[in-house]
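Note that the structure is a prediction, hence the values are computed from the model and not measured.
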Amino acid sequence: MPIVYVARRLLMAVPTLLGVVVFIFVLLRVVPGDPIAMMIPGEATPQDIANLRAVYGLDRSIGEQFVIYIGNLLRGDFGESISVKQNVLSLVLDRLPATFELAFVAMVMAIVIGLSFGIIAVYWRRRWPEYAVDAANAIALSLPEFIWGLILILALSVMWPLFPISGRIDPVQAADFKTQFYLFESLLTGRLSLLREVLEYMFLPAVSLALPLAAVIARVLKTSLMEGIGQDYVLLARVKGLSPLRVLLRHVLPNALVSTITITGLHFTFLVGGTVLVELIFSYPGIGNMLYGAAINRDLPLLQGVTIIFAVIFILLNLLIDISYTLVNPRVRLA
Amino acid sequence: MNVLDIQNLHVAFTQRGRVTPVLRGIDLSIEPGRICGLVGESGGGKTMVGKAITGILPEDARVTAGRILFKGQNLVDLADKERRQLLGRSIAMILQQPTTALNPVLRIETQIVEVLQRQMGLAHQAARARALDLLNTVQIRAPERVLRQYPHELSGGMCQRVVIAIAFSCQPALIVADEPTTALDVTVQFEILRLLKILQRDFGTAVLFITHDLGVVANLCDRVSVIFGGRIIEEGQTADIFTAPKHPYTSALMAASPRHDQPEKGLHPVPAQIVGQLWREIEDYDRARSS
Amino acid sequence: MSELRTSLWHSIRINPQLWIGGAAFAAIVAIAALAPWLAGHDPMEQDLLSQHLPPFWLPENNPSFPLGTDSLGRDILSRLIWGTRPVLLVMVLGATLSGMLGVVVGLLSGHFGGWLDDAIGRLIEVFMSFPPMLLAIVLVAVTGPGLDAVVMAIVLIGWTRFARVIRGEVLVLREQDFITAARVLGYGHRRILFRELMPNIAPIALALFALEMGRAIVVEAVLAFIGFSASDVPTWGGIIADGRSYVYQAWWVMTLPVICIMISVLALSMFADGLRKAIDPMMQR
């Protein structure tokens, strides 16, 4: 009954979402005292301040403000940005593809690297590939994304100039795109030189995001595979005369994936959260940089919109991970 | 010629440089189409014999001496690739725990079909049809449905029937059955044993039947070997062993087995002095070999 | 005396991580304390005639600036030395406050259970619905930049880690005989919480604390990197930000503080590992 399960999980996410919304309201309106003071840059007359107060409904009581705030959110109205004078939701949706593509590429990298390293370490266990993978894991896990990003800049752009370190594409070429999905658009329209360039810009930020997750996946997968190797069904598969590679990939791996996804699920959200940081290091024009701009300009509605949308994405992502457990595990699927 | 000839087989564990022997010179042979019982208590090494034959010894265990001749071919120094040609096709295995012997995330169909494809070179459709036949042969009702199911949806007895179907799928010359009924209910045990006997006779397969249960051996096996501490201490025709056991351990083991026909007799554990004497002999043996 | 020396030597040999990590931590404290005497220059002093001077091992260096200068001609070595002060402040204060908050919340949640535990669980879930850096940036945007804002941000994103782990530990401890015995004896909540539970979770809290210090350094560096930390004192993140803009002209400006952060983070995670190793035998009840 997967649909019932999904519905139940969706329902369980509602109180969390409510908590998120309340928390942001408290953080942005109650804590700092006067949000108008922090929005207005310098020489504003008291009359200006009063006008702005009325525009943003800040002259009302906190209770009233909260009701209006919730009402607006329910209608999907995130207000208008102060610094850019545009609808917050459309601003965020305009930037979302950039962050989405970055996170997507990083996830694919992390999964591909993590899975292959884990499998290599177990297939050639007790030999040098296993020790090499163990060492690489330990190094990757010892430092956070921020430091990896900076090290990658120094190594692959300064010392050895291979990749660009700022932005998403050469601004001249940005006009070539009709959508904000640069990667998918260039891929689908078959413009390979453009695709290559998009990937070059994305490479360093994606690697610094992918490294920690890849190491976690490789380590957890390796442990689960090692546990799987001694199982009865693996012995039986070997007695069937299957090749060691087929035994590993067809019989041990699917079972190991179940526990690997369960254990590493949380780390996928860490990766998505890490985009904020990595975008800042690489001046990558996604949501993280938009958040930074909103923070610098003290653009309250934009700050609020970005935060809520990011939280919604996080909650949905957690939901997706939960559902994916049931997809890979037939025992849960049919229960 | 015998299907299986095990000669002076030694297997030892090596952990952190320390060598611990588990099999100490096993001799055992099976004629084609016969059932040979290998009987002993847990820890006696009987499972290791099965694993040595099928080449699935634990990673820290190794054959240190002796030969395992399958139709005259020594399995011990066979390359992995050549061994895999024989496994599944000529030598198959049935494990003790049917519920864990099947892969929990693969459908029954996949688990039967893959061996037919690999060892018989069948195309998928042909393999699937053969799989259906096999499920009929092991007396599974609604085989079409079972093919699409996962192991956790089947009972233990059903799982064991599937494992048996896999074992017989390529009509092997030898099946190693390691306690195939121990984990099952008594009523199911009986059905599985009868099924095993029928299939074995129909296909003319030789079976190495590993068990701790002498009662099962009496009904099923042509010959019996009794194992203790990795050594065969008595071997012979089933009838001879049961009427006139030569070794005191064998008689004690018989007294210790529950008798289905005489439940009121109760259980008698193997006397400590017999076990102690056997261990002393094994220690002497190890000392003689290491010096 | 010699007995003390051998036992110390033994301890270093069986648990080098603890001592290397501890020594690195002590070094940061010492450098921060002695900054005015160690630094050759005023870290804020600009010298626009000597911008981007290279460090001593490169040609055209100036011996008066051993590690070179940044884009405003400020001495990098002095800035790195003075930079240990905000680092020390932020990591000790941030880790202590988030540790205290998280431990108290985790203890209460695990010990009392019921609706309180549910409510705290929900609250933690809400906090986990944000990327940590996002929360930190939003908070600093609201309060304005500065070291106090950085510390608040660290606490805001750090307390849940303590609370989750401690809560789990308390749930395990609750089932053990000595807690049941304390309950049967009719001890009050305060006694059970502080005399029975606290000593048992202290080792884990300590190891988490060491890890949190490492994280605090990184959070501070990130916030300084985007100009949200203190602007009136030099910070490692600030040097990185300056170096990032001119990385092709003067790679060393960014490299040096990155190395400082790497060493500190690695040392603190070694320290945490060493602590855990030292505590482990005690944990075997």
Side-chain angles (χ1 to χ4, degrees), chain A residues 13 15-24 27-29 31-32 35 38 141-147 150-151 153-154 157-159 161 165-166 266 269-270 272-278 280-281 283 287-288 291-292 294-300 303-304 306-307 310-315 318, chain C residues 118-119 121-145 152 156-157 214-215 217-223 225-228 237 240-241 243-252 254-255 257-259 261-266 269-270 273:
Chain A
T16 309
L17 191 60
L18 192 70
V20 162
V21 166
V22 172
F23 173 72
I24 292 168
L27 189 63
L28 291 182
R29 314 265 170 124
V31 171
M38 77 177 214
L141 284 173
S142 62
L143 294 173
E145 300 106 318
F146 180 62
I147 301 298
L150 298 172
I151 291 174
I153 288 179
L154 288 169
S157 191
V158 178
M159 242 173 68
I165 56 170
S166 290
L266 195 61
T269 61
F270 293 167
V272 174
T275 54
V276 175
L277 183 68
V278 166
L280 294 175
I281 304 172
S283 314
I287 303 222
L291 176 83
Y292 172 63
I296 290 278
N297 296 320
R298 311 203 132 185
D299 188 338
L300 191 68
L303 208 55
Q304 175 183 299
V306 172
T307 312
F310 228 123
V312 170
I313 293 174
F314 246 51
I315 292 171
N318 275 323
Chain C
D118 287 344
R122 282 276 170 213
L123 191 66
I124 290 177
E125 207 171 305
V126 167
F127 269 78
M128 303 261 298
S129 301
F130 301 100
M133 264 347 280
L134 178 140
L135 265 193
I137 290 173
V138 170
L139 184 82
V140 180
V142 169
T143 59
M152 274 173 68
L156 196 69
I157 62 185
R215 289 206 188 88
I217 292 180
V218 176
V219 173
E220 197 277 336
V222 173
L223 289 175
F225 176 74
I226 57 175
F228 279 7
I240 293 176
R244 166 74 172 81
S245 315
Y246 303 97
V247 70
Y248 291 110
Q249 291 97 307
W251 55 268
W252 57 87
M254 188 173 108
T255 312
V258 166
I259 292 173
I261 295 176
M262 264 171 68
I263 293 173
S264 319
V265 170
L266 290 178
S269 81
M270 268 184 157
D273 279 350

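At least one side-chain heavy atom of I137(C) sits less than 4.5 Å from a side-chain heavy atom of L280(A). S157(A) has its side chain within reach of Y248(C): a pair of non-hydrogen atoms, C-beta onward, lies under 4.5 Å apart.
Taking every heavy atom of both residues into account, M262(C) and I151(A) meet most closely at SD-CD1, 3.6 Å. Here the closest non-hydrogen pair linking I281(A) and F225(C) is CA-CE2, 3.8 Å. Here the closest non-hydrogen pair linking R298(A) and V142(C) is NH2-O, 4.4 Å. Across all non-hydrogen atoms, the minimal contact from G273(A) to P131(C) is CA-CB, 3.3 Å. Scanning all heavy atoms of the two residues, the minimum distance from E125(C) to T16(A) falls at OE2-OG1, 2.8 Å.
With a 4.5 Å cut-off on non-hydrogen atoms, L18(A) does not touch chain C at all. With a 4.5 angstrom heavy-atom cutoff, I240(C) touches chain A only via side-chain atoms. For T255(C), the parts lying near chain A are the backbone and the side chain together; criterion is any non-hydrogen pair under 4.5 Å. L266(A) touches chain C through its side chain: at least one heavy atom from C-beta onward sits under 4.5 Å away, while N, CA, C and O do not. Heavy atoms closer than 4.5 Å to chain C are found nowhere in T275(A), neither backbone nor side chain. With a 4.5 Å cut-off on non-hydrogen atoms, L143(A) touches chain C through its side chain but not through its backbone. Of the atoms belonging to A221(C), heavy atoms from both backbone and side chain fall under 4.5 Å from chain A. Contact of L123(C) with chain A is not made at all, since no heavy-atom distance falls under 4.5 Å. For I153(A), the part sitting under 4.5 Å from any heavy atom of chain C is the side chain, from C-beta outward, and nothing else. Only the side chain of L266(C) comes within contact range of chain A, with at least one heavy atom under 4.5 Å from a heavy atom of that chain. Both the backbone and the side chain of V20(A) come within less than 4.5 Å of a heavy atom in chain C.
For the side chain to side chain contact (heavy atoms under 4.5 Å, CB included) test with F146(A), the passing option among V265(C), V219(C), V218(C) is V218(C); the others fail.
Most heavy-atom pairs under 4.5 Å with chain C, from the set A294(A), P15(A), P161(A): that is P15(A). Of the listed residues (I165(A), N318(A), V272(A), T269(A)), the greatest number of heavy-atom pairs within a distance under 4.5 Å of chain C belongs to I165(A). Contacts with chain C were tallied for I147(A), L291(A), V312(A); L291(A) has the most, counting heavy-atom pairs under 4.5 Å. Most heavy-atom pairs under 4.5 Å with chain C, from the set V22(A), V276(A), I287(A), L17(A): that is V276(A).
Using cut-offs of 30° and 60° for the angle between ring planes, the F228(C) and Y292(A) rings count as tilted.
For the atom pair CD1 (I315(A)) and CE (M128(C)), the distance works out to 11.5 Å, reported to the nearest 0.5 Å. Taken to the nearest 0.5 Å, the CG atom of L28(A) stands 9.5 Å off from the CG atom of L139(C).
Under the rule for a salt bridge (Lys or Arg N to Asp or Glu O under 4.0 Å), the partners of R215(C) that lie at least two apart in sequence or sit in another chain are E212(C). F130(C) pairs by the ring pair (Phe, Tyr, Trp, His ring centres under 6.0 Å) definition with F23(A), not counting sequence neighbours.
Atom OH of Y246(C) has 12 or fewer heavy atoms from other residues, nucleotides or ligands within 6.0 Å.
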